[in-house]
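As structure tokens, the structure follows; a few thoughts come after it.
Note that the coordinates shown come from a computational prediction; the quantities given were computed from them, not determined experimentally. Just so it is clear: chains get the letters A, B, ... in the order the sequence lines come, proteins before strands, and each one is counted from 1.
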Number of protein chains: 2
Amino acid sequence: MEARKQALYDARARIIKALAHPTRLAIVDELSRRRRCVHELTEMIGADMSTVSKHLTVLKASGIVEDSKRGAQVYYQLRCPCVLNFFSCVETVMKLNAERDMALAR
Amino acid sequence: MEARKQALYDARARIIKALAHPTRLAIVDELSRRRRCVHELTEMIGADMSTVSKHLTVLKASGIVEDSKRGAQVYYQLRCPCVLNFFSCVETVMKLNAERDMALAR
DNA sequence: TCAATCCTTGGCTATTATGCCAAATGGCCA
DNA sequence: TGGCCATTTGGCATAATAGCCAAGGATTGA
């Protein structure tokens with residue numbers, strides 16, 4: 001494959017990969033409602049705060065979220081709310097899969 | 001997090017993860033034009049055929065593509081063309097990132 | 001039937017991702 | 001200043017991915 005194409009797919013994959021984790025999807029979902037600080041997200045998710053912080057680092061590095069400090073707290077918010085569009089397609093795939101599995105079970 | 005929510009995010013992540021690889025994005029892109037057999041995709045990508053076959057297995061397991069045999073050949077096609085919608089959002093993120101990087105460099 | 005083609009699977013290694021704990025950093029307030 | 005709270009970073013162990021080669025089916029065609 002041409003280097004040019006390859007670079008494009010690499011760049012795209014980097015962003016999509018940032019979304020390819022349940023915890024990060026939960027974070028994005030929550031941020032679609034309102035900005036949240038790490039502490040709030042940690043409570044919601046129920047993992048170690050360092051774990052949540054690292055997931056946020058991944059999302060931030062990919063450009064999906066951005067942060068803003070307010071005193072000792074760091075608030076995160078969606079930078080590209082269009083990522084929420086992903087979900088409708090994903091639901092479609094899930095529905096098709098469910099139908100397929102139903103048919104197979106019959 | 002509730003088990004119900006967790007299961008939903010897990011399911012979503014499984015599908016998104018299937019797209020989170022440059023080679024698989026290249027495959028999806030190609031299949032958006034027309035169905036292709038493994039051999040054709042292998043030529044296009046320039047990796048070992050076993051590698052391409054495994055990527056196709058991942059895409060198929062997630063429900064993004066489906067296959068149909070024609071003699072000795074296995075043709076793959078998109079099952080949910082809506083996955084192409086992902087790209088426009090990804091491009092938006094990439095554009096925002098580029099602008100941010102420009103601003104930082106100045 | 002034999003050989004060639006197409007594809008998948010097994011096996012192995014190297015790389016990357018994930019999650020926790022512990023430690024370090026930074027801000028706030030008494 | 002000292003101590004607390006919020007967050008990030010380092011370190012490490014474990015698990016998941018990716019890619020190649022080699023081997024195993026399956027199908028076509030001579």
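Nucleotide C/dA17 holds its C1' atom 14 Å from the CG atom of A/Leu59, rounded to whole Å. The distance between atom CZ of B/Arg70 and atom C1' of C/dT5, rounded to the nearest whole Å, is 17 Å. Distance CD1 (A/Ile45) to P (D/dT7): 12 Å, rounded to an integer number of Å. If you take NE2 of A/His21 and C1' of C/dT16, they are 13 Å apart, rounded to a whole angstrom. Taking atom CG of A/Leu56 as the reference point, atom C1' of C/dT18 lies 15 Å away to the nearest angstrom. What separates CD of A/Gln73 from C1' of D/dC4 is a distance of 13 Å, to the nearest Å. If you take CG of A/Asp10 and C1' of C/dT15, they are 15 Å apart, rounded to a whole angstrom. Rounded to whole angstrom, the span from the NZ atom of B/Lys69 across to the P atom of D/dT27 amounts to 9 Å.
OP1 or OP2 of D/dT8 has at least one side-chain nitrogen or oxygen of A/Ser53 nearer than 4.0 Å. Proximity of A/His55 to the phosphate of C/dA17: no side-chain N or O atom is located under 4.0 Å from OP1 or OP2. An OP1 or OP2 oxygen of C/dC6 is reached within less than 4.0 angstrom by no side-chain nitrogen or oxygen of B/Tyr76.
With hydrogens and angles left out, the side chain of A/Ser50 and the base of C/dC21 share a donor-acceptor pair within 3.5 Å. Contact of A/Lys54 with D/dG11 (side chain to base): a donor-acceptor pair of N or O atoms is detected under 3.5 Å.
Using a 4.0 Å heavy-atom distance criterion, A/Lys60 is classed as making no nucleic acid contact.
Of the listed nucleotides (D/dA18, C/dC20, D/dA6), D/dA6 has the atom at the smallest distance from the side chain of A/His39. Of the candidates C/dG19, D/dC20, D/dT8, D/dT8 carries the atom nearest the A/Val38 side chain, counting heavy atoms from C-beta on. For A/Asp48, the side-chain atoms get nearest to C/dC21 when compared with the rest of C/dC21, D/dC21, C/dC7. Comparing D/dG19, C/dC21, D/dT9 against the side chain of A/Thr57 picks out D/dT9 as the nearest. Minimum atom distance to the side chain of B/Lys17 is reached by D/dT17, of the listed D/dT17, D/dT9, D/dA18. The side chain of A/Ala72 has C/dG27 as its nearest neighbour among C/dG27, D/dT8, D/dA18.
Residue order along DNA chain D, read from the 5' end via each residue's closest nucleotide, puts A/Glu40 first among B/Arg24 and A/Glu40.
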Inset, instruction - Verify side-chain contact (heavy atoms from CB on, under 4.5 Å) between B/Asn85 and A/Asn85, making sure each step is shown before the conclusion. - result: CA-CA 8 Å; B/Asn85 298 340; A/Asn85 297 340; over 6 Å; no
Legend entry - Verdict with supporting geometry, A/Lys17 and B/His21, side-chain contact (heavy atoms from CB on, under 4.5 Å): CA-CA 7 Å; A/Lys17 203 183 295 190; B/His21 190 284; 6.0 Å; no
Legend entry - Stepwise side-chain contact (heavy atoms from CB on, under 4.5 Å) test for A/Asn97 and A/Arg100: CA-CA 5 Å; A/Asn97 289 351; A/Arg100 178 192 55 187; 3.6 Å; yes
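Here OG of A/Ser62 is found 12.0 Å from CE of B/Met94. Values are rounded to the nearest 0.5 Å.
Side-chain contact between B/Thr23 and A/Tyr9 is absent, with no heavy-atom pair separated by less than 4.5 Å.
Counting heavy atoms of neighbouring residues, nucleotides and ligands inside a 6.0 Å radius, atom CZ of A/Arg70 does not exceed 12 of them.
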